[in-house]
Protein chains: 2
Amino acid sequence: MNRLPVAERREQLIEAALAVASRDGIEAATVRAVAAEAGVSLGVVHYCFQDKDELLRAMAHAITAQNLARSTGELPPDADIATLVEATIDQLWDGIRDSRGAQLLSYELTTSSLRHPELNQVAIEQYRGSWAAAEQVLLGVQESANVRFSMGVEQMARTVVAAIDGYSLAWLVDGDEERARMGMHAFGRYLIASMEPAPRAASDEAFSTTDGDEVQPA
Amino acid sequence: MNRLPVAERREQLIEAALAVASRDGIEAATVRAVAAEAGVSLGVVHYCFQDKDELLRAMAHAITAQNLARSTGELPPDADIATLVEATIDQLWDGIRDSRGAQLLSYELTTSSLRHPELNQVAIEQYRGSWAAAEQVLLGVQESANVRFSMGVEQMARTVVAAIDGYSLAWLVDGDEERARMGMHAFGRYLIASMEPAPRAASDEAFSTTDGDEVQPA
DNA sequence: GTCTATAGTTGGATAGAC
DNA sequence: GTCTATCCAACTATAGAC
């Protein structure tokens, strides 16, 4: 009926896959269910994607991009450092809390990727994206507050992601929003305590951090 | 062939399910695969368990018990607090690193539980067990070192579990053992820094040796 | 208690009509 | 490009022989 160019059809199907998987879990995101969600017939999905794995990979890219977009929100430009960190955490936490299904899906995608060779790159791409996003935020904090993280931005970025994962998982399990928020803010205070004054203003290279080493794909 | 009482047969099948699921993922733990792993025929599994979900629930209990057993290891009794924490972390991390499949399975079980109503209790039991175990360890630390955690043992226990989850997930994804170990030890230093002398303490000599740690970048 | 056989369901993938 | 029809594989679960 509704004829569309392949590219648009793919977008529509990825959207549908994301909806089904967020709502009912990654196992429920079958080719059939995605086709039904999008209101197309089974054959259309196989026309747009070579197989189910390609669809899932595309969905994983979409959810990763969505997570990244969430990390680059607006922040008060001239606040003190504690306020800045708190606002960033609140913003992040609100995004997580308001998309429980997507958050859970993210972990399902990670574990699935770690089991199935055909989804091999998905997990590492997810985390490379998260680590890089966290690093960007931390670099912004370093810049605007003229401070440095004693363990280095890269290591701290990974610590941030680990903390978010840990608290998010606990929240998914126990559903306690207030405790999750409290935990993340406690981590924020640790983060602030891990800062030290920058050695020299406007010279970032003087305080070299451990750049350069990239993570090996599994 | 090998006739066994039902109870023993159940143990054997749970063992087999654990082996299959740890090795190949929770999705691979089908009734067929478990039967094959145990060397019995398909019907035997349905004779011992009402259905697949009951088998999975039994397996979840087994892995939870296994995780708990891992947390109650031997520790040097008369060491200072920093050494005690480091030894505990090393012990914990070694256990995780040496059972990658089981660790990954643990997260698969959690996400599966959160999606499927028939596995509803699994995730919360996992985490209640982990939180309680962490709390016991922290209470032991409080007692032996005569200190208190400023945020309270319960909250700190949950923070410990969150940190372990976060670092473990990252390790599962990137495979970097050294970084995982480093991250957990960095958290250990944070944990020590979150202690304060117990009120009305007779001696706090252990606490006085805990400062002065340097945080090394990677 | 254990086995084979089979029912019944779901899902991936393709062929061919339109 | 889209649909229907169909094939094939894998799975849960049960029935009934031994």
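None of the values given here were measured: they were computed from a predicted structure.
Put simply, NZ on K52(A) is 13 Å from C1' on dA10(D), counting in whole angstrom units. Between I26(A) atom CD1 and dG11(C) atom C1' the separation is 15 Å, expressed in whole Å. The separation between R10(B) atom CZ and dG1(C) atom P is 13 Å, rounded to whole Å. Whole-Å rounding puts the L4(B) CG to dC3(C) P distance at 11 Å. Nucleotide dT2(C) holds its C1' atom 13 Å from the CD atom of Q12(B), rounded to whole Å. Computed from coordinates, the E27(A) CD to dA10(D) P distance equals 18 Å when rounded to whole Å. The CG atom of L13(A) sits 13 Å away from the P atom of dG1(D) (whole-angstrom rounding).
The closest side-chain donor-acceptor pair between Y167(B) and D165(A), if any, does not fall under 3.5 angstrom.
Between R179(A) and E154(B), at least one side-chain N (NZ, or NE/NH1/NH2) sits under 4.0 Å from a carboxylate O, which counts as a salt bridge. Ion pairing between a basic and an acidic side chain is recognised when a charged N comes within 4.0 Å of a carboxylate O; R158(B) and E135(B) show no such pairing.
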Please table the atom pairs, donor to acceptor, closer than 3.5 Å between any side-chain atom in residues 24-43 of chain A and protein atoms at least two apart or in another chain.
unit_1: E27(A); atom_1: OE1; unit_2: H116(B); atom_2: NE2; d: 3.3
unit_1: T30(A); atom_1: OG1; unit_2: A33(A); atom_2: N; d: 3.0
unit_1: E37(A); atom_1: OE1; unit_2: R23(A); atom_2: NH2; d: 3.0

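Contacts of residues 28-50 of chain A with DNA chain D (heavy atom under 4.0 Å): S41(A), V44(A), Y47(A).
Put simply, the side chain of T83(B) never gets that close to the backbone of A79(B): no donor and acceptor are under 3.5 Å apart.
With sequence neighbours excluded, the residues satisfying ring-ring contact (aromatic ring centres under 6.0 Å, His included) with F187(B) are Y190(B).
Counting only heavy atoms from C-beta on, R3(B) has its side chain closest to dG1(C) among dA13(D), dG1(C), dG1(D).
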